[in-house]
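Just below is one structure, and these are the notes that go with it.
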Amino acid sequence: MKIPARTAGFILVMSLALLTTNAQVQSVSATIDASKTYPPISKYVYGQFIEHIGGIINNGLWAEMLDDRKFYYPIQSQTEIASGSGRFALRHWNFVGDENSVVMDPNDPYVGGHTPLVNLNGNEPCGIQQSGLAVQSGKSYSGRIVLAGKDAKIAVSLIWGTNANERQTIFIGRLRTDYKKFPLNFTVPADSTNACLEIVGTGKGMFHIGAVSLMPADNVDGFRREVVDALKQLHSGIYRFPGGNYVSGYEWTDAIGDPDKRPPRWDYAWKVMQPNDVGTDEFMKLCKLLEVEPYLTVNAGFGDAHSAADWVEYCNGSATSTMGRWRAANGHPEPYSVKFWAVGNEAWGWAWTLGVTPLDQFEIKNNLFAEAMRRVDPTIKLIASGAMPDTMTSSKQSLLISGKLIPDPLGPADWTGGLFKNCLSNMDLVSEHYYSYAKTHFDLSKSNDVPDDPNEPLVDWMRRPANHVRTKYEDYQDYLEEIPALKTKPVPICLDEWAYARVPANSYKVVPAYAWAFHEMFRHSGLYQMACFTFATSLVSANRNEAVLNPAGLLFKMYRDHFGVIPVEVSGNSAQPKPKYPPGGEDPKVNAGSDTFPLDVAAAWTEDKKYLAVAVINPTETTQEMKLSIQGAGLIGGGKLWRLAPSNLDATIVVGQEPGVQVEEQTVDSIPITPAFAPYSVTIYNFPVK
């Protein structure tokens, strides 16, 4: 049955999904008043966060195939192949030939603290190799090697098998005593997940290896083409870099200029070596490739205001400024014009943040940084490192700082409150973080994380991220009463770290939960102006050669592409249940969600107001019905829907396999009369209007 067009204000009862199962249903009614609108949804709420932790950047995004390519670690024997610490074990270089022929030379190293020196012994090949590389048949690989020496003949081989003919070798002739870069180019005729790069020499002399690099030849400005292609589909709006805990010990000047001369450094946050290959200029290239804005966090842990101001000048200063000249000399004469800058990361994290200080001292630090950075560029937007009572309670940092689990309002453990009170003129947004955990939750009565109830309803599990969003909204309302100046100068929230942790990143199970978090941000669109998901690479299913969007990635893309930007009012006949626990920590005073329990509904106009988007989440394990009334919009009838509704809650998308999750797209010729939503489904409708 087709429904004809109606004039604005006419109330239309319609279906929003197809009948998918015969499971028990609960009737829900919702009303959308499209005449009541709210502040626009910022494109920045779809933002992403990347950090030098594990292999997120150096392997997940960056195309470099070799670990420790500038030789931070000594060369090891073949029996010591994959050691490392922190969250990512690095492959090491191993001896080829006589182990005594290779030493780490600390005298005038090419980069870092030492450089491999290979002393040759006639016709016996001596040198180093690294295995564990992934190569594909027919694919080309390119790179470079930096060498110096005398009386040495060098052979650099890419080896993909055990037979003598399963290798390609590049011979490098006479070396000089000063360093020179030589190009490397290979084409591999077979697949291998354990290929090897070998660097050996023969002769009576010696040679130094300053640095070596190998990437797929189809890399894009040094980044993995397949990952860039996948992430570009998300239209994320903004990317945050370089941390995260990493930034509190980060020196930005170590990661600019010739990549081969950038010293590898020990990362004290994650306890692993960082090669510094991806720094400011590379991050700016990535943002350009992904068509997103850059958002930089300065080191307010071990760092100082002067270094932060210099970084602003490097990025935004003219080519005639001191730092701008340095940027131009590095090949980038035009300013990057970075708008968003955060002063530190998790400055409140006394248990883990490098260079942590008491709140009253950090308030001084924030103001000193802000003033120095704005002297360089008064147009930048500054983001202060906050933590509202929900975070300070559930992280137990309030307990550590003040001896009280819940911080006193505007007390020494009320981090965001202190910044609002004493730094308001030196902040444009406030950074807030939260993580929901899959198998535990914070119990206020026990002052600790406790295991989940195995009988917890799925809807409660799905609601957790949205409840974090709701709790911060409620805390902000308290601040408005405690700090009157905040009403004159509102400071929106930048939720620049958020995720459901301890859930397989490739599982569909997080998808309705993330959609619900989006809905809660949309309901408070004036407050939530930015959000950066942890991490961008968590939205991709990848191996070492291929990448596609995973289920959560499909969700982000579906909302960015098809949901509206001007939220409208949604009401209903079924209120969300009251919270099970007293407010505090992770638990709000009022549960997140629309009055359409157990469903959650959000609606918004497209920017041109030619379509009304309606999104419905069913976070339960049974089919749920819903009737919807729309007023304040003249609907033409029909429309389109996009839906995520796999048959398995733990469905995945694995590269090279049939995807277990897909976005279903349908044309709706008429408004269904009997609506129903499949278990744990997420649906977006677009209805055209006059």
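Fair warning: this is a prediction, and the values are worked out from it, not measured in the lab.
For the residue pair H519 and Y514, no side-chain donor N or O sits within less than 3.5 Å of a side-chain acceptor on the partner. With no hydrogens or angles considered, a side-chain donor-acceptor pair links E346 and H433 at under 3.5 Å. Checking D595 against N573 by side-chain atom types alone, no donor-acceptor pair falls below 3.5 Å.
Note that the CG atom of D428 and the CD1 atom of I383 stand 8.0 Å from one another [nearest 0.5 Å]. Here the CG atom belonging to L231 is positioned 10.5 Å from the CD atom belonging to E226, to the nearest 0.5 angstrom. Atoms OG and NE2, on S394 and H468 in that order, are 6.5 Å from each other to the nearest 0.5 Å. Taken to the nearest 0.5 Å, the OG atom of S35 stands 6.5 Å off from the CD atom of Q631. The distance from the CG atom of N550 to the CG atom of N506 is 5.0 Å, given to the nearest 0.5 Å.
Proximity of a side-chain donor or acceptor of Y680 to a complementary backbone N or O of S647 within less than 3.5 Å is detected. Remark: the backbone N or O of T622 is paired with a side-chain donor or acceptor of T620 at under 3.5 angstrom. Looking only at distances, a side-chain donor or acceptor of E432 sits under 3.5 Å from a matching main-chain atom of M388. The backbone N or O of S681 lies less than 3.5 Å from no partner atom in the side chain of N618, so there is not a single donor-acceptor pair. Between the side chain of S385 and the backbone N or O of V343, no donor-acceptor pair lies under 3.5 Å. Within the 3.5 Å criterion, the main-chain N or O of G244 finds no donor-acceptor partner in the side chain of H52. In this structure, the side chain of R224 does not engage the main chain of N219 through any donor-acceptor pair within 3.5 Å. At distances below 3.5 Å, not a single donor-acceptor pair connects side-chain atoms of Q624 with backbone N or O atoms of P679.
Classification of K580 and D460 as a salt-bridged pair holds, one side-chain N sitting under 4.0 Å from a carboxylate O. Between D475 and K589 no salt bridge is recorded (no basic side-chain N to carboxylate O distance below 4.0 Å). We find that D496 and R240 are joined by a salt bridge, their nearest charged nitrogen and carboxylate oxygen being less than 4.0 Å apart. With respect to the salt-bridge test (charged N to carboxylate O, under 4.0 angstrom), the residues R523 and E520 qualify. The pair E456-R464 counts as a salt bridge, with a side-chain nitrogen and a carboxylate oxygen less than 4.0 angstrom apart.
The six-membered or imidazole ring of F556 lies away from that of Y46, with a centre-to-centre distance of 6.0 Å or more. Aromatic ring centroids of Y685 and F687 lie under 6.0 Å apart. In summary, the aromatic rings of W498 and Y435 are positioned with their centroids too far apart to meet the 6.0 Å limit. Not less than 6.0 angstrom separates the ring centroid of Y528 from the ring centroid of Y473. Annotation: Y239 is not in aromatic contact with F283 [ring centroid separation under 6.0 Å not met].
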Exercise for the section: Walk me through it: do E497 and Y434 pass the test side-chain hydrogen bond (donor to acceptor under 3.5 Å, both in side chains)? Expected result: CA-CA 6 Å; E497 288 189 31; Y434 82 77; over 6 Å; no
- Just do the side-chain hydrogen bond (donor to acceptor under 3.5 Å, both in side chains) check on S236 and K43 with the steps written out, would you? CA-CA 7 Å; S236 296; K43 65 180 179 180; over 6 Å; no
Derivation of the side chain to side chain contact (heavy atoms under 4.5 Å, CB included) call for K557 and V663: CA-CA 10 Å; K557 174 176 167 54; V663 177; over 6 Å; no
Steps toward side chain to side chain contact (heavy atoms under 4.5 Å, CB included) verdict (Y508, T652)
CA-CA 6 Å; Y508 177 82; T652 62; over 6 Å; no
Could you walk me through whether F563 and F518 pass ring pair (Phe, Tyr, Trp, His ring centres under 6.0 Å), step by step?
-> CA-CA 11 Å; F563 194 70; F518 276 141; 9.2 Å; no
- request: Would you sort out whether R560 and Q233 count as a side-chain hydrogen bond (donor to acceptor under 3.5 Å, both in side chains), showing the intermediate values?
  value: CA-CA 9 Å; R560 185 73 171 98; Q233 300 175 59; over 6 Å; no
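In this view, W605 satisfies the ring-ring contact (aromatic ring centres under 6.0 Å, His included) rule with no residue, not counting sequence neighbours.
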